[in-house]
Each structure stands twice: as structure tokens, then as C-alpha cells.
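Side chains included, hydrogens not; waters and symmetry mates left out as well; all remaining heavy atoms used. Just so you know, ligand 1 is whichever comes first in the structure, and atom 1 is the first atom listed for that ligand.
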Amino acid sequence: MDAKQIAAYKAVEYVKDGMVLGLGSGSTAIFAIQAIGERVKNEGLRVRGIPTSAKSRDLAMQLGIPLIDFGDTAQIDLTIDGADEVSGKLDLIKGGGGALLREKIVAASSDQLLIICDEGKLCKSLGKFPLPIAIVPFGWQITKSALDAFCVTNLRKSLTEPDKPFITDDNLLILDMHIEHVPDAVADFEEELKRRIGVVEVGLFVGMATRVIVGYTDGHTTELIPDMS
Ligand code: 5RP
């Protein structure tokens with residue numbers, strides 16, 4: 001069994017009738033959107049979704065999940081999304097798929113942020129996965145130089161046209177920072193990076209996850225919640 005799918009289906013058990021849902025992005029979140037679609041079709045579950053990427057939007061539409069936007073509500077009950085890394089404190093690196101800006105807007109507007117992953121995403125401290133940073137295209141070289149002063153970054157390339165840059169749904173570029181070890185003061189580091197000119201958003205999600213569901217190939221799941229002590 002696919003561990004990501006196991007986590008996703010478990011997460012969708014938290015979805016209740018009438019909820020406004022944030023729909024995440026990436027291969028794990030896709031399983032969750034499919035599971036929500038099945039419940040809409042089979043149980044008549046009534047939910048409304050706000051997708052975090054064009055891909056998730058298109059899938060939700062295909063599956064008949066009603067969609068709304070922030071013109072309709074400012075508050076999301078529950079968001080289900082994946083992550084690239086999950087630390088022991090449940091801080092996250094996200095943005096491997098380039099959707100970090102919309103994902104963070106949606107996460108910040110959610111009462112609950114449920115993260116789904118396989119155990120390969122769990123780590124002691126963040127940074128082995130290159131940290132995605134969304135930047136504006138104009139003067140990107142200036143922004144890159146400013147960020148390279150912290151640690152070397154690479155301009156992400158398009159998967160389909162490798163001689164062109166990857167462009168996000170919001171027409172931004174992505175720099176991947178090869179930090180290896182994000183400083184323990186994660187929130188301070190995030191703020192420091194965000195102060196650089198041209199930076200729109202950083203793929204560090206600090207203190208945002210309210211629950212992490214880890215799926216395993218034998219079909220079981222474990223759930224982690226933030227330590228409030
Ligand atoms: C996209 C993301 C994804 O949640 C993250 O990259 C995990 O992806 P996957 O579920 O495919 O492993 O942040 O921007």
C-alpha cells in the first residue's frame with residue numbers, strides 16, 4: 001500500500017459535513033482530494049474547498065468538490081496538505097511543488113492544518129531538503145545574490161523545458177536554498193530571509209501544523225501533535 005495514500009485517507013476522516021477545506025498540493029495532497037471527492041460522491045458530504053494550486057483546483061473540479069475563494073470566506077476550518085520535511089517540533093519545509101505562497105496563505109487562514117506524509121519526511125532538524133523561496137522575477141539576480149550571502153541557492157528550472165525557469169501559479173520564481181541545517185531559531189531565520197528585497201515567501205511553516213499524520217506501507221498511521229509544554 002502507498003504510505004502517502006494511507007495518511008491521506010486517514011486525514012479525510014477528520015472532514016465533517018459543512019466544513020470549508022483548504023486543499024493542499026503535491027502527490028500526497030492529491031490522494032486527500034481524491035478521498036474527499038469520493039466522500040462527496042458516495043456520502044453526499046457537503047464541503048467547500050479552497051485549492052492551493054491550479055493543479056489541485058482542476059482535480060477538485062473534476063471530482064465535483066465545490067470551490068470557493070477568499071471573497072466568500074476568510075476562515076478555513078481544516079486544511080489537509082503534504083510537506084517536504086517535518087521536524088520534531090512539527091515545523092515544516094514546504095514548496096517542493098512550488099505552491100508555497102498559496103499554501104501558506106491557506107494554512108495561515110485555517111483553524112486546523114493537518115499535514116500528511118510518509119515517514120521519509122520526518123527529520124530531527126530541517127534543511128536537508130532544499131528550502132524553496134518564492135521571489136519576484138524582476139531583478140531576481142539581486143534577490144539571489146542577497147540570499148546567497150546566507151547560503152547558496154539555485155534558480156529552479158522548469159521540468160518540461162529545463163532551459164527555462166520554473167514559474168509558479170502566481171508568476172513567481174523559486175530559489176532552492178541548500179542550507180542543510182536550518183538554524184534552531186527557525187522563525188527568526190524565516191524573518192531574516194523574508195527581509196531580503198524581492199522575497200515574497202519562504203517555505204518554512206513554523207508552528208502552523210496542528211496535527212501530522214504519518215502513513216506506513218503496512219496500512220497503519222501514527223499521529224503527532226505539537227508539544228505545548
Ligand atoms: C508543494 C508542497 C508539497 O506539499 C510538498 O512538496 C510535498 O509533496 P509530495 O506530497 O508530492 O511529497 O509543499 O508545494
task: Measure across L100 and G203 and return the closest heavy-atom pair with its distance rounded to 0.1 Å.
output: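 Heavy atoms only, the tightest pair is CD1-N, 3.4 Å.
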field: Shortest non-hydrogen separation from I116 to A11 and the atoms involved
entry: CG2-CB, 3.5 Å
Please could you name the atoms of ligand 1 that [X] approaches to less than 4.0 Å, counting only its heavy atoms?
X: K4; value: 9 (P), 11 (O), 12 (O)
X: G98; value: 14 (O)
X: D81; value: 4 (O)
X: A99; value: 14 (O)
X: G82; value: 4 (O)

Distance from atom 10 (O) of ligand 1 to nearest protein heavy atom, with residue and atom: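 Looking only at protein heavy atoms, the one closest to atom 10 (O) of ligand 1 is T28 OG1, 2.5 Å.
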query: What protein heavy atom is closest to atom 11 (O) of ligand 1, reported as residue, atom name and distance in Å?
result: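 Answer, as residue, atom name and distance: S27 OG, 2.5 Å.
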query: So, is G26 polar-close to ligand 1, with some N/O to N/O distance under 3.5 Å?
result: no
Within-cut-off N or O pair, G95 and ligand 1, under 3.5 Å: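 The answer is yes, given that G95 and ligand 1 share an N or O pair closer than 3.5 Å.
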query: Is it true that L23 and Y9 fall in one hydrophobic cluster, defined by side-chain heavy atoms closer than 4.5 Å?
result: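 No, because L23 and Y9 fall into different hydrophobic clusters, even though each may have its own neighbours under 4.5 Å.
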Side chains of [X] and [Y], heavy atoms from C-beta outward: is any pair under 4.5 Å?
X: L173; Y: L155; answer: yes
X: F189; Y: I179; answer: yes
X: M177; Y: L175; answer: no

- prompt: Take atom CG in D111; do more than 12 heavy atoms of anything else shown fall under 6.0 Å from it?
  reply: yes
field: Within 6.0 angstrom of K194 NZ, more than 12 heavy atoms from elsewhere
entry: yes
- request: Establish, from distance only, whether the side-chain atoms of T153 and K144 form a donor-acceptor pair under 3.5 Å.
  value: yes
Nearest to [atom] by heavy atom, [options]: which?
atom: atom 1 (C) of ligand 1; options: K94, K121, E103, K104; result: E103
atom: atom 3 (C) of ligand 1; options: S25, G96, G97; result: S25
atom: atom 7 (C) of ligand 1; options: D84, D118, I115; result: D84

message: Using heavy atoms and a 4.0 Å limit, tell me yes or no: is G24 in contact with ligand 1?
response: no
- request: Of the side chain and backbone of A83, name the one, both, or neither that has a heavy atom under 4.0 Å from an atom of ligand 1.
  value: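 Within the 4.0 Å criterion, A83 contacts ligand 1 through backbone atoms alone.
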